[in-house]
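First up is the structure itself, then whatever we jot down about it.
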Amino acid sequence: MKYNFKKIEKKWQDFWQKYKVFQADFNPSRKKYYCLEMFPYPSGRIHMGHVRNYTIGDVIARYKCMCGFNVLHPMGFDAFGQPAENAAIKNKTHPGIWTNKCIEWMKKELMRMGFSYDWQREISTCKDDYYKWNQWIFLKMFEKGLAYKKASSVNWCPSCETTLANEEVVQGGCWRCNTAVVQKELEQWFLKITQYSEELLVDLKELTQWPPRVIAMQENWIGRSYGVEIYFRLEPNGKIISVFTTRVDTIFGATYIVLAPEHPLVKEIIKNKPQEKQVLAFIEKVSKETKVVRTSEDVKKEGMFTGAYAINPVNQEKIPIWVADYVLMEYGTGAIMAVPTHDQRDFLFAKEHNLAMRIVIQNKESSLELSKMDQAYEGDGIQVNSGQFDGISNTEAKEKIAAWMEEKQIGRKVTHWRLRDWLISRQKYWGTPIPIIYCDKCGILAMPYDELPVKLPKKAEFTGEGGSPLSKVKSFVQVKCHKCKGRARRDTDTMATFIDSSWYFLRFCSPKFKDAPFDKQEVKYWMPVDQYIGGIEHAILHLLYSRFFTKFLRDLGMLSFNEPFQKLLTQGMVLKEGEVMSKSKGNIVDPDEIIKKYGADTLRLFILFAAPPEAELDWNERGMEGAWRFLTRVWRMVIEVKNCKNTTSAGMDSLTKKMHQTIKKVSSDMEGGFKFNTAISSIMELVNEIYQAKERNLGAKEIKEAIETTVKLLAAFTPHISEEMWLVLGHKDSIFKSGWPSYNEEFAKEKTIDLVIQVNSRNRSRIEIPVGISEEEIHKLVLNDERTKQWIKDSPVKKFIIVPNKLVNILI
RNA sequence: GCCGAAGUGGUGGAAUGGCAGACACGCCGGUCUCAAAAACCGGUGUCUUUACGGACAUGUGGGUUCGACUCCCACCUUCGGCACCA
């Protein structure tokens with residue numbers, strides 16, 4: 001009987017569906033396990049990255065299922081988004097039609113991989129029974145003042161013709177199309193994620209099961225820094241200029257102030273000064289530069305004197321005010337105090353423009369001299385030229401100066417955050433309409449909850465130009481104010497699609513619930529997600545937003561936990577010849593073709609065996625051949641044994657021992673961080689041993705036992721062939737109902753040891769000894785060994801080190 | 001610059017401080033065959049030795065230890081995040 005993967009895989013995929021083997025039922029009496037993979041954007045075809053992501057998740061889900069957990073393993077589609085709209089423009093169709101077609105395709109491909117999803121729970125975020133709850137959550141945030149509209153300078157992608165969140169700007173470019181992002185003055189909706197800055201940062205400590213690099217990236221992104229805001233006064237009118245510094249210990253060394261060109265005070269202080277014209281020209285010039293240019297390393301810092309002066313509040317010194325492009329309006333207060341001696345950037349700028357310098361921190365090791373300094377001294381030291389603070393260490397001075405300034409009301413301690421509020425308005429059609437109306441009389445109004453969802457109008461024009469498509473749909477825009485019954489209009493933007501994925505893991509717990517985004521009881525049972533699996537590209541975006549939503553919903557009293565994802569596994573990328581697979585490089589391997597050629601089980605096995613899940617994986621068709629060879633080898637073994645009817649005990653203790661050792665090893669690889677590659681390699685070892693035993697006695701009961709165990713151990717990795725082999729071996733029900741095999745510690749134990757003998761820490765010999773003999777006996781046996789004797793000769797033994805069950809080291 | 005991850009045979013990759021290179025790919029040899037493929041068995045880090053064996057080997061240099069891929073210190077390289085961040 002040949003291994004016919006096509007037939008077998010189809011058969012078991014149908015079986016799992018028909019008998020709802022992986023349907024998850026709410027049942028608080030059972031221990032739950034929620035295994036979730038990041039749901040895909042329905043682009044049409046799955047790629048190797050999806051295959052890897054979902055295979056890893058599937059192994060975990062199936063393993064936990066065999067271990068007796070009530071496993072929730074859902075799948076859905078992140079179905080709103082720009083590609084659908086672009087496709088609609090190109091093909092003159094509707095984004096919904098394109099999206100549904102893609103979902104159908106992708107679902108089929110996912111089915112062909114044999115993933116154990118509970119398809120009863122499938123969700124698509126573009127359906128109104130899903131996005132209705134986006135609107136609901138938005139309105140809750142609006143109620144609490146966490147959703148607000150604000151005019152400000154925002155990121156704009158000229159190619160996508162829409163605004164972008166800070167998180168969507170990658171190195172100055174649009175995350176989607178890489179076009180240079182420009183700033184635009186617009187009135188837009190924001191979510192106040194900064195209200196949770198502190199908690200989002202501090203709670204990262206709870207996430208001990210997340211990869212350190214994801215934690216580090218989020219920490220960087222949130223970016224907390226402690227410092228002092230200092231109030232300088234304008235000379236002569238006394239107006240306040242606030243500057244932010246993390247080095248308040250250097251305040252006595254501030255020799256000038258620099259304002260960002262966009263700083264609102266600039267225009268005022270240059271008025272009627274000889275510098276006015278020049279400075280205005282400079283501001284004009286800077287405003288035309290894109291952020292990428294302005295912040296690039298190699299561009300020289302430019303600036304000029306404004307003609308105005310300020311008073312340093314700590315020593316009443318009158319210092320000049322400059323304006324320069326290296327100070328950014330969006331960070332701190334848009335103004336800095338410059339301390340050239342202790343800040344490298346200020347140092348270079350002061351040298352260039354011949355500005356004053358003063359040392360205020362003295363280096364303990366080698367005394368600084370102004371005339372000899374060729375760079376700023378940014379290290380620690382002792383305060384000098386700092387009035388009453390002279391002589392104390394600068395770390396101590398930081399505290400003391402800040403306290404003193406607070407007392408004198410010339411400054412205050414502040415915590416500064418890098419994280420900005422989340423801009424969510426998008427000038428696109430294929431998204432969730434923002435449930436807000438504007439009434440001339442009543443102003444900005446939230447839609448009443450009972451009028452949700454605000455549905456997307458089916459008909460709209462997709463031209464790809466001229467702002468939000470919704471703004472041109474009159475029947476959508478024009479609306480009656482529900483308060484005054486007068487004329488009003490709807491908001492015509494849609495929400496950023498990252499909103500959709502910020503709470504979908506909650507919806508999966510009760511996907512059809514009608515009274516709220518989710519059923520509190522069911523969420524209480526299933527959440528938090530025990531294991532989340534996805535790509536590193538979401539380290540900030542999706543994972544940060546989801547954490548924010550979770551905290552918000554908790555504060556609404558709807559959730560009772562702080563963090564949505566207990567454990568996170570970020571799978572490595574799939575490469576080909578060391579390069580990322582991409583259309584432009586033309587090096588894409590289509591999973592569908594591989595499945596046709598080798599079957600899903602072989603593909604799964606290769607992906608799991610070739611590298612640990614977190615590491616990068618280099619695609620290699622040779623490796624596929626290897627996986628195929630192994631599966632057919634196991635298959636033949638099962639068929640042969642099946643044909644051998646009368647099995648009797650043949651005293652094959654070493655095979656039984658290997659079997660128990662293998663169960664132990666695979667179990668610990670699964671529990672200790674999903675080391676699938678080594679788990680599979682130990683199953684391969686067991687199979688090799690069965691083959692050798694088979695040569696001697698095919699009818700042995702021990703062989704049949706070892707084979708059954710092999711099939712069970714393989715089941716989570718290669719489910720279809722395992723089900724079939726389980727059936728061939730005479731079992732009636734699904735192998736996933738058969739339980740995870742257990743091992744007996746006694747049987748797994750070795751009876752003898754190959755004891756390594758080292759002389760002066762070098763391997764010199766080895767002897768076989770029984771387990772559990774005394775140290776004296778080991779001593780005697782070792783010193784009787786001929787080869788050991790030759791190495792020792794007549795030298796006296798200085799030390800005799802015994803490492804139990806492993807080796808001895810004789811020092812001479 | 002700050003933060004994070006990684007560096008082991010021809011290749012992918014294994015090794016709670018205790019035999020470095022498990023398992024697999026590739027390659028070489030054998031069995032079977034008229035032959036080939038498949039399958040099965042065996043060999044395979046480098047140098048050296050007829051052989052037994054020996055020496056050298058986990059990015060580099062130090063250290064701790066009887067013993068270091070593993071722990072500590074310094075550095076190099078690669079990848080990733082943040083950054084004119086005050």
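Numbers restart at 1 for each chain; the letters A, B, ... are given by sequence-line order, proteins then strands.
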Item to check | A:Asn677 side chain near B:rA14 phosphate (N/O to OP1/OP2, under 4.0 Å) | outcome: yes
Next on the checklist: Please determine whether a side-chain nitrogen or oxygen atom of A:Arg629 lies at a distance below 4.0 Å from atom OP1 or OP2 of B:rC23.
Outcome noted: no
Checklist entry - Of the nucleotides B:rG81, B:rC41, B:rA24, which has the atom closest to the A:Tyr691 side chain? => result B:rC41
Next on the checklist: With a 3.5 Å limit on both atom pairs, tell me what B:rU77 is paired to, counting Watson-Crick and G-U wobble, or say none.
Outcome noted: B:rA6
Checklist entry - What is the nucleic acid contact for A:Gln758, judged by heavy atoms within less than 4.0 Å: base, sugar-phosphate only, or nothing? => result base
Checklist entry - For B:rC40, does either OP1 or OP2 sit under 4.0 Å from a side-chain N or O belonging to A:Arg636? => result yes
Item to check | Pairwise P distance for B:rA36 and B:rG53, with rounding to whole Å | outcome: 36 Å
Checklist entry - If you draw a 6.0 Å radius around CD in A:Gln344, do more than 12 non-hydrogen atoms from other residues or ligands fall strictly inside? => result yes
Checklist entry - Mind checking who B:rU64 pairs with, Watson-Crick or G-U wobble, both distances under 3.5 Å? => result none
Checklist entry - B:rA83 phosphate, OP1 or OP2: any side-chain N/O from A:Arg418 under 4.0 angstrom? => result yes
Checklist entry - Tell me: CH2 of A:Trp221 to C1' of B:rG81, nearest whole Å? => result 10 Å
Checklist entry - According to the Watson-Crick and G-U wobble definitions, with both distances under 3.5 Å, which nucleotide is paired to B:rC52? => result none
Item to check | Side-chain donor-acceptor contact under 3.5 Å, A:Arg764 with A:Gln790 | outcome: no
Item to check | Nucleotide opposite B:rA39 in a Watson-Crick or G-U pair, distances under 3.5 Å | outcome: B:rU31
Checklist outcome for this item: To the nearest angstrom, the CG-P distance between A:Asp343 and B:rA86 comes to 9 Å
Next on the checklist: Students often get this wrong, so: under 4.0 angstrom with heavy atoms, is A:Glu625 touching a base, only sugar-phosphate, or nothing?
Outcome noted: nothing
Checklist outcome for this item: With syn meaning chi within 90° of zero and anything else anti, the base of B:rG9 is syn
Item to check | Nucleotide nearest A:Glu685 when distance is taken to its side chain, options B:rC84, B:rA22, B:rG81 | outcome: B:rA22
Item to check | Stepwise salt bridge (Lys or Arg N to Asp or Glu O under 4.0 Å) test for A:Glu621 and A:Lys597 | outcome: CA-CA 11 Å; A:Glu621 184 120 5; A:Lys597 195 165 164 194; 3.0 Å; yes
Checklist entry - Considering only the P atoms, how many Å lie between B:rU50 and B:rC41, rounded to the nearest integer? => result 34 Å
Checklist entry - For A:Ile801, which contact category applies under a 4.0 Å heavy-atom criterion: base, sugar-phosphate, or nothing? => result base
Checklist entry - Think A:Arg622 has a side-chain N or O under 4.0 angstrom from the OP1 or OP2 of B:rG26? => result yes
Checklist entry - Between B:rC82 atom P and A:Ile215 atom CD1, what is the distance in whole Å? => result 16 Å
Checklist entry - Quick check, are the ring centers of A:His416 and A:Tyr226 under 6.0 angstrom apart? => result no
Item to check | Comparing A:Thr246 and A:Val169 on RNA chain B - which has the more 5′ nearest nucleotide | outcome: A:Val169
Checklist entry - 5'-most contact on RNA chain B: A:Thr632 or A:Phe244, nearest heavy atom basis? => result A:Thr632
Item to check | C1'-based separation of B:rC2 from B:rC84 [nearest Å] | outcome: 15 Å
Checklist entry - If you check every side-chain atom of A:Ala216, which of B:rA15, B:rC23, B:rG4 has the closest atom? => result B:rG4
Checklist entry - Is there a Watson-Crick or G-U wobble partner for B:rA86 with both distances under 3.5 Å, and which nucleotide is it? => result none
Next on the checklist: Base, sugar-phosphate or nothing for A:Pro612? Non-hydrogen atoms, less than 4.0 Å.
Outcome noted: sugar-phosphate
Checklist entry - Taking OP1 and OP2 of B:rC52, is either one under 4.0 Å from a side-chain nitrogen or oxygen of A:Gln790? => result no
Next on the checklist: Can you identify which nucleotide, out of B:rG54, B:rG81, B:rA86, has its nearest atom closest to the A:Val327 side chain?
Outcome noted: B:rA86
Next on the checklist: Using the C1' atom as the point on both nucleotides, what is the distance between B:rG10 and B:rA5, in whole Å?
Outcome noted: 26 Å
Checklist entry - Going by the angle between their ring planes, with limits at 30° and 60°, are A:Trp175 and A:Phe498 parallel, tilted or perpendicular? => result tilted
Item to check | P atoms of B:rG61 and B:rA68, separation to the nearest Å | outcome: 15 Å
Checklist entry - Using the ring of each side chain (for Trp, its six-membered ring), is A:Trp635 parallel, tilted or perpendicular to A:Tyr3, with breaks at 30° and 60°? => result tilted
Checklist entry - At under 4.0 Å, does any side-chain N or O of A:Arg762 touch on OP1 or OP2 of B:rC56? => result yes
Item to check | Distance, rounded to the nearest Å, where A:Ile607 contributes CD1 and B:rC23 contributes P | outcome: 24 Å
Checklist entry - B:rA14 C1' sits how many Å from A:Met684 CE, rounded? => result 13 Å
Checklist entry - Do the rings of A:Trp322 and A:Phe305 sit parallel, tilted or perpendicular, given the 30° and 60° boundaries? => result tilted
Next on the checklist: Using a 4.0 Å heavy-atom cut-off, does A:Phe630 contact any base of the nucleic acid, only the sugar-phosphate backbone, or nothing at all?
Outcome noted: nothing
Next on the checklist: Testing the 3.5 Å rule here: is there a donor-acceptor pair between the side chains of A:Asn688 and A:Arg633?
Outcome noted: yes
Next on the checklist: Can you check the distance between B:rG63 and B:rC27, where both ends of the measurement are the P atom (answer in whole Å)?
Outcome noted: 44 Å
Next on the checklist: Measure CD1/A:Ile753 against P/B:rG18 and give the value in whole Å, please.
Outcome noted: 16 Å
Checklist entry - Among B:rG18, B:rC41, B:rC82, which is the nearest nucleotide to the side chain of A:Lys806? => result B:rG18
Checklist entry - In whole angstroms, how far is the P atom of B:rA39 from the CD atom of A:Glu640? => result 14 Å
Item to check | Between B:rU16 and B:rU70 - C1' atom distance, rounded Å | outcome: 10 Å
Item to check | Pairing partner (Watson-Crick or G-U wobble, both distances under 3.5 angstrom) of B:rC23 | outcome: B:rG12
Item to check | Under 4.0 angstrom between A:Arg787 side-chain N/O and B:rG53 OP1 or OP2 | outcome: yes
Checklist entry - Any donor-acceptor pair under 3.5 Å joining the side chain of A:Arg766 to the base of B:rC19? => result yes
Checklist entry - Expressed in whole Å, how much space separates the C1' atoms belonging to B:rC19 and B:rG45? => result 15 Å
Checklist entry - Which part of the nucleic acid, if any, lies within reach of A:Trp791 when heavy atoms closer than 4.0 Å are counted: base, sugar-phosphate only, or nothing? => result sugar-phosphate
Checklist entry - Aromatic rings A:His538 and A:His542: how do their planes relate, parallel, tilted or perpendicular, breaks at 30° and 60°? => result perpendicular
Checklist entry - Do the side chain of A:Asn809 and the base of B:rC66 come within less than 3.5 angstrom through a donor-acceptor pair of N or O atoms? => result yes
Item to check | Trace of the salt bridge (Lys or Arg N to Asp or Glu O under 4.0 Å) decision for A:Glu302 with A:Lys285 | outcome: CA-CA 11 Å; A:Glu302 286 190 77; A:Lys285 192 186 127 205; 3.0 Å; yes
Checklist entry - Considering only B:rG12, B:rG42, B:rC85, which nucleotide approaches the side chain of A:Ala610 most closely? => result B:rG12
Item to check | Closest to side chain of A:Leu807, choosing from B:rA86, B:rC19, B:rA24 | outcome: B:rC19
Next on the checklist: From C-beta outward on A:Asp754, which listed nucleotide comes closest to its side chain: B:rC19, B:rA86, B:rG67?
Outcome noted: B:rC19
Checklist entry - Contact class for A:Arg224 (heavy atom, under 4.0 Å): base, sugar-phosphate, or nothing? => result nothing
Checklist entry - Within the pair A:Asn688 and B:rC40, is there a side-chain N or O less than 4.0 Å away from OP1 or OP2? => result no
